[in-house]
Amino acid sequence: MYRSCATKGVGASGEAEIHGWTQAGAKINVKLSLMDGDADGHYAAIRFVVQGLDGSWKYSRWNTVSGRGKYKEGWGKVEYSKGIDKAGVEVAEFKGKKMVESCMDVR
């Protein structure tokens, strides 16, 4: 299963490839892919997001890449003690530490 989004103007685009999410308590394998689409002084960032069965949210750390056409991907494992009801990604553009734009695909 996949979750993906891109910021307006496609300065940043990313995707999560999710494997093993068969029940709320599962430990799932996630491949995050990220691309910076513009040479605009901003950097692209992606993080994995889950919503627990109790409505709480858990976010992974931001993974970043900078430079037009630069691409990064990596695998990780995710589990949440409150169970996973929804899962997806947040993709953003940052200028320094300030987020200037973001999008989410969590379902």
Side-chain angles (χ1 to χ4, degrees):
M1 121 185 15
Y2 293 88
R3 304 287 188 265
S4 65
C5 70
T7 59
K8 294 178 185 169
V10 195
S13 60
E15 175 180 87
E17 183 179 323
I18 304 166
H19 298 270
W21 185 19
T22 57
Q23 60 186 10
K27 180 182 260 188
I28 56 179
N29 294 309
V30 179
K31 177 183 174 187
L32 293 178
S33 304
L34 174 66
M35 189 172 88
D36 187 344
D38 289 330
D40 56 4
H42 298 169
Y43 64 89
I46 189 171
R47 65 183 175 179
F48 194 68
V49 180
V50 297
Q51 184 177 31
L53 295 172
D54 65 351
S56 63
W57 293 88
K58 181 179 179 179
Y59 302 88
S60 71
R61 68 176 178 79
W62 286 108
N63 292 281
T64 63
V65 67
S66 181
R68 181 183 177 103
K70 296 289 183 179
Y71 177 81
K72 182 178 182 179
E73 65 182 32
W75 284 90
K77 292 186 183 294
V78 176
E79 63 183 328
Y80 192 32
S81 62
K82 300 181 189 228
I84 299 173
D85 184 41
K86 296 178 183 173
V89 291
E90 182 176 18
V91 175
E93 289 182 58
F94 284 85
K95 183 162 187 156
K97 293 185 178 190
K98 182 182 179 196
M99 183 188 297
V100 294
E101 195 172 348
S102 70
C103 62
M104 288 181 83
D105 181 6
V106 179
R107 50 196 151 103

Do you know which two heavy atoms are closest between [X] and [Y], and how far apart they sit?
X    : Y   : answer
R107 : Y2  : NH2-O, 3.7 Å
V100 : K95 : CG1-CB, 4.2 Å
L53  : D85 : CD2-CB, 3.8 Å
S13  : A6  : CB-CB, 3.8 Å
I18  : I28 : CG2-CD1, 4.1 Å
E79  : I84 : CA-CD1, 4.5 Å

Are the side chains of [X] and [Y] in touch, meaning some heavy atoms are under 4.5 Å apart?
X   : Y   : result
E17 : S33 : no
D40 : E93 : yes
L32 : V30 : yes
V49 : W57 : yes

Give the cluster check for [X] versus [Y]: same hydrophobic cluster or not, with ILVMFWY residues linked at side-chain heavy-atom distances below 4.5 Å.
X   : Y   : result
W62 : F48 : no
I46 : V78 : yes
W21 : V89 : yes

Query raised in the report: Between D36 (side chain) and G67 (backbone), is there a donor-acceptor pair under 3.5 Å?
Result: yes

Query raised in the report: Which value, rounded to the nearest 0.5 Å, describes the distance between R3 atom CZ and M104 atom CE?
Result: 12.0 Å

Requested in this report: Working to the nearest 0.5 Å, report the span between CD of E90 and OG of S60.
Outcome: 9.5 Å

Query - salt bridge (Lys or Arg N to Asp or Glu O under 4.0 Å) pairs, two or more places apart, involving residues 49-67 - result: D54-K82

Requested in this report: Take N29 and W75 through the test side chain to side chain contact (heavy atoms under 4.5 Å, CB included) and record every step on the way to the result.
Outcome: CA-CA 7 Å; N29 294 309; W75 284 90; 4.2 Å; yes

**Report entry** Audit row: Y80, Q51, side chain to side chain contact (heavy atoms under 4.5 Å, CB included) steps and yes/no
**Finding:** CA-CA 9 Å; Y80 192 32; Q51 184 177 31; over 6 Å; no

